[in-house]
Amino acid sequence: MTRTLITIIAFLMCANVVANEKKPENQSTVFNETFSWQAQLGLSAYYTDILLTDVEQSDLKSYLTVPFLFDFYYKGFFIQSNHRRSESFALGAELGYQLIVEDDWELDIISKAYITGISPSKIMDLADKEIASIKGLDKRDVGEGIGLRYTRYFQSSQLSIDVANLAIPSDAKGWLFEAFYSHLVPYRNWDIYLNASLSYYPETMMDYYYGIRSHEVSAIRPLYQASGALKGQLEAFVQRPISESWTFNAGVSFSKYSDNLSDSPIIEKSHSVTAMLGVLYVF
């Protein structure tokens, strides 16, 4: 993570120099005194179809999570949570810098987690049993990417497109693509977000998470090299204020990967349904 932050800082220093040397008349780079922040802490219940073979939610701890959402902005630098989708509760906040800001579009450099990790020992500890399909697997770390995001704003919706390089872990390096569209439907005190996304994950990334290396081969787990994959997702996410400080959140999503994902010996299926509901306290 330290190497990632150093890369971001170096890039932003260069961007700062370029922006001050030359600013096209039809563009505006953010260098102002704006400062804002918000913190939210909550409790959420999650249900999810787990893609890994023979792995399922087993006890109360696996259904509960304590999300902490922190948003910060200062002179173009930001830490933000995507409040339009429930996936942000699991993957955490995004770190970035606004390069260009216009009335209806924006270009940012961004660093965020694009895929969750796999910890076989933690999974088996929670399940309180050995799971043959993942026993002996190496840990797969959370995938952190650095890249550019273009966001286009419409009256009640927005479209963002990320092109990023997976920088951490180093064994999974590769360029990925993610497009996310969100449409807001206000109804009384409810904010209803109808979301859709499409992601492309390169071969290096898929092989790191779902491939089987020579030292991981077992009687039920043959050597396997994964190929690139697409992921599509549809989601409905709702928010409603309960009081001045409390907010209710709920969401349901359906995710579908390319069929070749299930060719991996540790993957049972190429689709999943996730549902969550919870509350957040706004500080």
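Between Thr151 and Ser160 the shortest heavy-atom distance is OG1-CB, 3.7 Å. The heavy-atom pair separating Met124 from Glu130 by the smallest distance is SD-CA, 3.7 Å. Heavy atoms only, all atoms of each residue included: Pro120 and Lys139 are closest at CD-CA, 4.0 Å. Between Ile212 and Leu223, the closest heavy-atom pair is O-CD1, 3.2 Å. Of all non-hydrogen atoms in Thr204 and Gly174, the two that sit nearest each other are OG1-CA, 3.7 Å. Counting all heavy atoms, side chain and backbone alike, Gly228 lies closest to Tyr200 at CA-OH, 4.4 Å.
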Residue pair Asp263, Tyr210: steps toward the side-chain contact (heavy atoms from CB on, under 4.5 Å) verdict: CA-CA 9 Å; Asp263 292 338; Tyr210 305 121; over 6 Å; no
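Side-chain contact check for Tyr46 and Gln57: no donor-acceptor pair (N or O, by modelled atom type) lies under 3.5 Å. The closest side-chain donor-acceptor pair between Ser86 and Glu235 falls under 3.5 angstrom. Donor-acceptor pairing under 3.5 Å is lacking for the side chains of Ser227 and Glu203. Checking His215 against Asp138 by side-chain atom types alone, a donor-acceptor pair falls below 3.5 Å. Counting only N and O atoms by type, the side chains of Thr274 and Thr48 include a donor and acceptor under 3.5 Å apart. One side chain, Tyr47 or Asp49, offers a donor N or O that lies under 3.5 Å from an acceptor on the other.
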Sequence neighbours excluded and cut-off under 3.5 Å, please list the side-chain donor-acceptor pairs for residues 179-191, or say none.
| from | atom 1 | to | atom 2 | distance (Å) |
| --- | --- | --- | --- | --- |
| Tyr181 | OH | Ser157 | OG | 3.2 |
| Ser182 | OG | Arg84 | NH1 | 2.9 |
| Ser182 | OG | Asn195 | OD1 | 2.6 |

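Between Tyr97 and Phe77, the gap from one ring centroid to the other is short of 6.0 Å.
The line from NZ of Lys112 to CD1 of Ile146 is 13.5 Å long, rounded to the nearest 0.5 Å.
A continuous path of ILVMFWY side-chain contacts below 4.5 Å connects Leu194 to Phe248, so both sit in one hydrophobic cluster. When hydrophobic clusters are built by joining Ile, Leu, Val, Met, Phe, Trp and Tyr residues whose side-chain heavy atoms come closer than 4.5 Å, directly or via intermediates, Tyr224 is grouped together with Ile134.
Using bins of under 30°, 30° to 60° and over 60° for the plane-to-plane angle, the ring pair Trp37/Phe70 lands in the tilted bin. Ring geometry, Tyr74 versus Phe35: the interplanar angle exceeds 60°, so the pair is classed perpendicular (tilted spans 30 to 60°).
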